[in-house]
Colleague: 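Below is the structure I would like to discuss, written out as structure tokens.
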There are 2 protein chains.
Amino acid sequence: MFKLYSKGCEYALRALTCAAVLNENGRFQAKDVCAEAGIPESFSRKTFQALAQAGFLKALRGPGGGYMLMRPMDKITLLDVIHAVEGDDTFDNCVLGLPMCGSKQPCPLHITWKSVKTELLTQLKQQTLQDLADLAPRPKGPRRKGSPRPPQKRQ
Amino acid sequence: MFKLYSKGCEYALRALTCAAVLNENGRFQAKDVCAEAGIPESFSRKTFQALAQAGFLKALRGPGGGYMLMRPMDKITLLDVIHAVEGDDTFDNCVLGLPMCGSKQPCPLHITWKSVKTELLTQLKQQTLQDLADLAPRPKGPRRKGSPRPPQKRQ
DNA sequence: CAATTATTGGACATAAATGTCCACTGCTTC
DNA sequence: GAAGCAGTGGACATTTATGTCCAATAATTG
């Protein structure tokens, strides 16, 4: 039962990957992006809240609201998202579940796992949301006819 | 919520790591090894069953019974154990949870994850149970005064 | 101010992982 | 064959992860 991250985090990455597709200026609504990504809306909203509280998204309430990316997509790494959703210590625990495991008292798997983890973290720090969006399949035609209700005072 | 493998698999590795300590000839009993490894016995027994069915352990019932390693410890890799407990496809699923993801239609994270996974699998194939046992802290003195009931016809 | 819209956060529901228990089978010994 | 030992497998209990719902909040529009 290997898992790189939780479902919530998986949904966050999928949502943000296609958020760029929906709107060029980094704005999107939960409902739209969840439908686009094919992920459960009610559950994914929780993750958006976490991302908002972590400062990667700004929540805008009311008509024409939604979420706004606080940084350009190429300035948000995958590790940023993972840490925001999972906590900063996701990759810190001992693989064998030994509480005393550390550099002083390494578990038998410590060194092995450390080297693999280094490679993993390097990759997750290099790749950004922009990279994901660029690789994502482009939509065939225009997704929707303009914003469903164009904001007027905002932006 | 990163997880390299399930609790059952974690317990298996911890148990087998100290199985060598308990008995030189690759024999051990569930009760002893669970106490030694500090893992829940009832639950871990299920994992032993899986390992027995996978052919890595041979179960011996009756007095003086227990489990016997079917191969020398340096011939069983960590990946062997993981596959036996988790199934052969633990590391095969798409990290973003996309069903259509594959080499033909790679998800945005496909290449990134593939390279990390290759490194991970290489390590898990190189490291054996013997390596884990060698790295495990040696017990200070004799664990127990001989077998609690030395088998006579067996071995 | 009233109505509408979109996020918020807590309560609740379900599913999956983890953990426990016990009657049973097979084996060994006497 | 009787007794006891150790693994087996199914049923059950608990915990965690995942998923849903709804009243409340904040912002926009008229």
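Reminder, nothing fancy here: chain letters follow the sequence lines and each chain counts from 1. Heavy-atom basis, side chains included; hydrogens, waters and symmetry copies ignored.
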Colleague: Figure out the CZ/C1' separation between B:Arg45 and C:dC22, and round it to whole Å.
Modeller: 12 Å

Colleague: Looking across every strand, which nucleic acid part, if any, lies under 4.0 Å from B:Lys46 by heavy atom: base, sugar-phosphate, or nothing?
Modeller: base

Colleague: For A:Phe28 and C:dA6, what is the distance between atoms CZ and P respectively, to the nearest whole Å?
Modeller: 14 Å

Colleague: List the steps, then state whether salt bridge (Lys or Arg N to Asp or Glu O under 4.0 Å) holds for A:Lys75 with A:Asp80.
Modeller: CA-CA 10 Å; A:Lys75 291 289 185 298; A:Asp80 286 335; over 6 Å; no

Colleague: Nearest to the side chain of B:Ala59, heavy atoms from C-beta on, is which of D:dT8, C:dT8, C:dT20?
Modeller: D:dT8

Colleague: Once ring pair (Phe, Tyr, Trp, His ring centres under 6.0 Å) is applied, do any residues pair with A:Phe2, and if so which ones, sequence neighbours excluded?
Modeller: B:Phe91, B:Trp113

Colleague: Starting at atom CD1 of A:Ile39, determine the distance to atom P of D:dT18, rounded to an integer number of angstrom.
Modeller: 14 Å

Colleague: For a quick test of reading the model: is some side-chain N or O of A:Tyr11 closer than 4.0 Å to OP1 or OP2 of D:dT18?
Modeller: no

Colleague: Heavy atoms under 4.0 Å, any strand shown: does B:Lys3 hit a base, just sugar-phosphate, or nothing?
Modeller: sugar-phosphate

Colleague: Looking only at side-chain atoms of A:Ser42, point me to the closest of D:dG7, D:dT28, D:dT20.
Modeller: D:dT20

Colleague: For B:Met1 and A:Glu41, take the nucleotide of DNA chain D holding the closest heavy atom to each; which residue's nucleotide lies nearer the 5' end?
Modeller: B:Met1

Colleague: Please report the distance, rounded to the nearest Å, between CD in A:Glu10 and P in D:dT18.
Modeller: 9 Å

Colleague: Distance-only, no hydrogens or angles: does the B:Arg27 side chain make a donor-acceptor pair with backbone N or O of B:Gly64 under 3.5 Å?
Modeller: yes

Colleague: Grab the OH-P distance between A:Tyr5 and D:dT18 for me, whole Å please.
Modeller: 12 Å

Colleague: Check the distance between D:dA6's C1' and B:Leu57's CG and give it to me in whole angstrom.
Modeller: 14 Å

Colleague: Looking only at the side chains, is there a donor atom on one of A:Ser6 and A:Glu86 sitting less than 3.5 Å from an acceptor on the other?
Modeller: yes

Colleague: Between C:dC12 atom C1' and A:Phe43 atom CZ, what is the distance in whole Å?
Modeller: 15 Å

Colleague: Does B:Arg61 get its side chain close enough to the base of C:dT25, under 3.5 Å, for a donor-acceptor pair?
Modeller: yes

Colleague: Mind listing the residues from residues 47-54 of chain B sitting with a heavy atom below 4.0 Å of DNA chain C? Number order is fine.
Modeller: none

Colleague: Could you walk me through whether B:Thr47 and B:Cys9 pass the side chain to side chain contact (heavy atoms under 4.5 Å, CB included) test, one step at a time?
Modeller: CA-CA 7 Å; B:Thr47 306; B:Cys9 192; over 6 Å; no

Colleague: Between D:dG7, C:dT20, C:dA6, which one does the side chain of A:Gln29 approach most closely?
Modeller: C:dA6

Colleague: D:dA6 P sits how many Å from B:Met68 CE, rounded?
Modeller: 16 Å

Colleague: List for me each residue that meets ring pair (Phe, Tyr, Trp, His ring centres under 6.0 Å) alongside B:Tyr67, sequence neighbours excluded, and say none if there are none.
Modeller: B:Phe28, B:Phe48

Colleague: Going through the checks in order, is the side chain to side chain contact (heavy atoms under 4.5 Å, CB included) test met by A:Met68 and A:Leu60?
Modeller: CA-CA 7 Å; A:Met68 186 167 58; A:Leu60 303 169; 4.2 Å; yes

Colleague: Below the 4.0 Å mark, does D:dT8 have OP1 or OP2 next to a side-chain nitrogen or oxygen of B:Tyr67?
Modeller: yes

